[in-house]
A.B. asks: 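Let me give you the structure first, and then I'll get to my questions.
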Amino acid sequence: MAQLNMAQALNRALRDAMTEDPNVVVFGEDVGPYGGVFTVTEGLTAQFGEERCFDSPLAESGIVGTAIGMAMYGMRPVVEMQFDAFAYPAFEQITSHVAKMRNRTRGKVALPMVIRIPYGGGIGGVEHHGDSSEAYYTHTPGLTVVTPGATADAYSMLRAAIESPDPVIFMEPKSRYWSRADLELPARTDPMNRAVVRREGQHVTLISYGSTVQTCMETAGAAKEEGWDVEVIDLRSLAPLDEDTVCASVRKTGRAVVVHESSVFSGYGAEVVATVSEKCFHWLEAPMLRVGGFDVPYPPKDLEEHQLPHPDRILDTIARLQWEDQ
Amino acid sequence: MKSIEASPELTLPGRKPIQLVDENGSAVGDLPDERVLRSLHRAMVLGRRFNRQATALTKQGRLAVYPSSVGQEACEVGATLALEADDWLFPTYRDTVAVVTRGVPAVETLTLLRGDWHSGYDPHAYRVAPLCTPLSTNGPHAVGLAHAARLRGDSLAVLVFMGDGATSEGDAHEAFNFAAVFNAPVVFFIQNNQWAISVPLSKQSKAPTLAHKAIGYGMPGYHVDGNDAAAVYTVVSEALARARSGGGPSIVEGLTYRIDPHTNSDDTNRYRDASDAEPWRAADPLLRFNRLLGVDESAYAEEADRMMAELRAEMNKDAHVDPDELFEHVYAVPTPRLRAQAAALRAELAADRGDA
């Protein structure tokens, strides 16, 4: 077993995909010889040449738009948006074309491409370097939106995203890039569209994804001391949402809290709460609650500790779930 | 190609548009051969009839909307006929005549505007991308496809249409710049019809010509008389040939005029003087070729009548739209949620029909 972090697992996924399929090409800003600002593309140009991994001009819409044309010609482009909020200039290409090409052409043109977006806060970045933009993409039919919360999943899910016949928004929780795990790669974990139970529990389900999965695991440990047996679900795939795994857990525990970094209002958690409420109403013993960022623009680094969900806030929220009724 | 003023070297495009046939129908440069001239003429005649027929179909409620290219047929036809079989075309919503000229059946070309599906043709079958409605977003797609072809070692070229208004969009810049940096085999054909709905060119750009923009990207730019099909064909052919052989991208501006409204649903009287169009009517691309070749539209009347009759007959059929298809082409395999929604809609429709 080797000790690997998430960035290294992603790098290995790209390397293995490029080795196995000559149609896989990687491009974006600084992804070439420099190896990407998070080192995810390190060594790819040296190994595969500038035709397979190359720097593009600095222009997100152009990067995504060019990837569309390359995918139309049978390639499988994997592009990097350097930071979450930097992807917004590409929003039109993503929503009007990436998401819709299959639909516009009645299935005649598929776009097997991956848009990698390092997202979220917790790294002390400055403005535009800490956004959680997943809800914009999950609201767009035609996109598959996934995010690994665990290092082993990072490898497996990126391989699956590249192999997908449909475009995938691959959100990388950047505060988890350096989290290490014992791993022997290549190794595949659960299918990309499935949620997994990271920790079993009886009393309450914490539903999360990306960076906050680890926060929820820490919370579950602390909750144990309070006598609460917490189940933790890592959604992994945000669109589609694995309703079966989520509902099975909520039916078991009867109580659930959705935890994510992004602002709560119109956030992804609202979708989870609405879906579970529709499907599991009679199993619920308390209203579902959400823990997320305040409804403010992502704050500067000296304030981000207040914005990010932390175990105490999640424990307080669990406490609001009418435990005296038990 | 002695008659062409601009050259692949980065010289500024001429103030005077490149012209091979003047307004009187006289040759003023080296013309393509007779066979090419006749096919340009024929395609323009059919294109004009297609524009007229499609506009008429909006009045009959058979098309939701139609953005006519009357007056721009030399651009539509001249640039498209310069394509070879392996090349790709990336059209905008106004380029239906180009798409039909490329060989896509008329009815399939019109599905977007008819409203029964977005793209009625198979892009791979004709090497024609779907009609693009957002402005200039097709530019990066064209660059990407061209770049992919080069990476594969395929010597094809890509022609992408955009309008004068579209050159103000950020994606036009990104497409020009990517194409130049990648040395992608792309020809950007700007149909400068001088109006972006109601906004005139003077409020769109301060550049001396739109072809001048090419210089800043390190590409050749050609300023062509867009009502001269011979000039458009010749310049675009040359640009495509250079692109195919690794010479990189270029911008061709066809200077023309939108005679009709932006679409059938706007009123040009609200933003321009009737006299504005008069000189352009005199410079009509069809009239010019009638004079050049000494034949008029009637040479193709029978063929045009037959094609339009077929189009009318096809368009007068009620399009078959299957509600199940709403869900079929969102993902390669519909998600459980989409399957459930499809079942719910089927049940709703069955209940409406009284099957339940």
Side-chain angles (χ1 to χ4, degrees), chain A residues 22-23 25 27 51-52 54-75 77 79 89-90 92-93 95-113 141-144 164-167 193 237 239-244 275, chain B residues 88 90 111-112 117-125 129-134 136-152 154 156 158 160 169-171 173-182 184 186 325-338 340:
Chain A
N23 290 312
V25 288
F27 66 101
E51 296 198 336
R52 302 283 307 281
F54 53 92
D55 289 322
S56 73
L58 201 166
E60 287 75 13
S61 187
I63 292 168
V64 173
T66 308
I68 291 170
M70 294 180 79
M72 285 177 78
Y73 203 72
M75 292 195 155
V79 298
E92 185 190 13
Q93 287 289 357
T95 53
S96 289
H97 297 294
V98 173
K100 292 178 183 159
M101 189 65 84
R102 177 183 290 284
N103 190 255
R104 290 168 72 201
T105 61
R106 225 169 191 155
K108 295 293 197 296
V109 180
L111 295 180
M113 56 186 279
L143 298 178
T144 298
S164 169
D166 289 313
N193 62 349
S237 172
L241 168 64
D242 177 2
E243 297 174 9
D244 293 346
T275 300
Chain B
W88 271 77
F90 281 72
T111 53
L112 172 79
W117 203 264
H118 300 311
S119 177
Y121 51 89
D122 176 351
H124 289 294
L131 296 169
C132 188
T133 309
S136 82
T137 56
N138 58 347
H141 306 173
V143 175
L145 189 139
H147 186 55
R150 251 170 72 81
L151 290 177
R152 288 258 175 93
D154 300 340
L156 59 78
V158 179
V160 53
E169 293 274 7
D171 269 9
H173 160 66
E174 298 192 19
F176 297 157
N177 195 44
F178 272 62
V181 170
F182 291 165
V186 180
E325 266 202 297
L326 277 175
F327 308 97
E328 279 172 19
H329 307 300
V330 185
Y331 297 95
V333 178
T335 62
R337 205 176 167 88
L338 285 178

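First the proteins, then the strands, lettered A, B, ... as listed; each starts at 1.
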A.B. asks: Just so I understand: if I count every heavy-atom pair under 4.5 Å between each of Arg104(A), Met101(A), Glu51(A) and chain B, which residue has the most?
C.D. replies: Arg104(A)
A.B. asks: Taking atom types as modelled, is there a side-chain donor on Thr144(A) or Asp166(A) under 3.5 Å from an acceptor on the other?
C.D. replies: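 Distance-only check fails for Thr144(A) and Asp166(A).
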A.B. asks: Only pairs of heavy atoms separated by less than 4.5 Å count here; which of Leu241(A), Asp244(A), Ile63(A) has the most with chain B?
C.D. replies: Ile63(A)
A.B. asks: I need the residue from Ala110(A), Pro141(A), Gly142(A), Gly107(A) with the largest number of non-hydrogen atom pairs under 4.5 Å to chain B.
C.D. replies: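 Of Ala110(A), Pro141(A), Gly142(A), Gly107(A), Gly142(A) has the most heavy-atom pairs under 4.5 Å with chain B.
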A.B. asks: Would you mind checking which part of Leu112(B) comes under 4.5 Å of any heavy atom in chain A, side chain (CB onward), backbone (N, CA, C, O), both or neither?
C.D. replies: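 For Leu112(B), there is no contact with chain A at all, as no heavy atom is under 4.5 Å.
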A.B. asks: May I ask you to decide if the ring planes of Phe90(B) and Trp88(B) are parallel, tilted or perpendicular, using 30° and 60° as cut-offs?
C.D. replies: tilted
A.B. asks: Any side-chain heavy-atom pair from Glu169(B) and Pro134(B) closer than 4.5 angstrom?
C.D. replies: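 Result no, sub-4.5 Å side-chain heavy-atom pair not found.
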A.B. asks: Side chains of Thr137(B) and His97(A): do they bring a donor and an acceptor to under 3.5 Å?
C.D. replies: yes
A.B. asks: Can you say whether Ala142(B) sits under 4.5 Å from chain A via the side chain, the backbone, both, or neither, judging by heavy atoms?
C.D. replies: neither
A.B. asks: Where do Leu326(B) and Val330(B) come nearest, in terms of heavy atoms and distance?
C.D. replies: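 Of all heavy-atom pairs spanning Leu326(B) and Val330(B), the closest is O-CG2, 3.6 Å.
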A.B. asks: Less than 3.5 Å apart, any donor N or O on the side chain of Arg106(A) or His118(B) sitting next to an acceptor on the other?
C.D. replies: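 Their side chains do not contain a donor-acceptor pair, so the 3.5 Å distance test is not met.
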A.B. asks: Between Leu156(B) and Tyr73(A), is any pair of side-chain heavy atoms under 4.5 Å apart?
C.D. replies: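 A side-chain contact under 4.5 Å exists here.
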A.B. asks: State whether a side-chain donor-acceptor pair under 3.5 Å links Arg152(B) with Asn23(A).
C.D. replies: yes
A.B. asks: Is the Phe54(A) ring parallel, tilted or perpendicular to the Phe27(A) ring (thresholds 30°, 60°)?
C.D. replies: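 Parallel, since the angle between the ring planes stays under 30°.
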A.B. asks: Between Asp122(B) and chain A, with a heavy-atom cut-off of 4.5 Å, which part of the residue counts as in contact: side chain, backbone, both or neither?
C.D. replies: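 Both backbone and side chain of Asp122(B) come within 4.5 Å of chain A.
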A.B. asks: Pick whichever of Ala175(B), Gly139(B), Ser119(B) has the most heavy-atom pairs under 4.5 Å with chain A.
C.D. replies: Ser119(B)
A.B. asks: Picking from Thr111(B), Asp154(B), Asn177(B), which has the most non-hydrogen pairs under 4.5 angstrom with chain A?
C.D. replies: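 Highest number of pairs under 4.5 Å: Asp154(B).
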A.B. asks: So what's closer than 4.5 Å to chain B heavy atoms on Thr275(A): side chain, backbone, both or neither?
C.D. replies: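 Just the side chain, heavy atoms under 4.5 Å.
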A.B. asks: Given the options Pro167(A), Pro57(A), Pro77(A), which has more heavy-atom pairs under 4.5 Å with chain B than any of the others?
C.D. replies: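 Most heavy-atom pairs within the cutoff with chain B belong to Pro57(A).
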A.B. asks: Identify which part of Leu131(B) has an atom lying under 4.5 Å from any heavy atom of chain A, answering side chain, backbone, both or neither.
C.D. replies: backbone
A.B. asks: Heavy-atom pairs under 4.5 Å with chain B are the metric here; pick the option from Lys100(A), Gln93(A), Glu92(A) that has the most.
C.D. replies: Gln93(A)
A.B. asks: Go through the atoms of Ala149(B) and report whether side chain, backbone, both or neither lie under 4.5 Å from a heavy atom of chain A.
C.D. replies: both
A.B. asks: With a 4.5 Å cut-off on heavy-atom pairs, point out which of Ser96(A), Ser56(A), Ala59(A) contacts chain B the most.
C.D. replies: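 Most pairs with chain B among the choices: Ala59(A).
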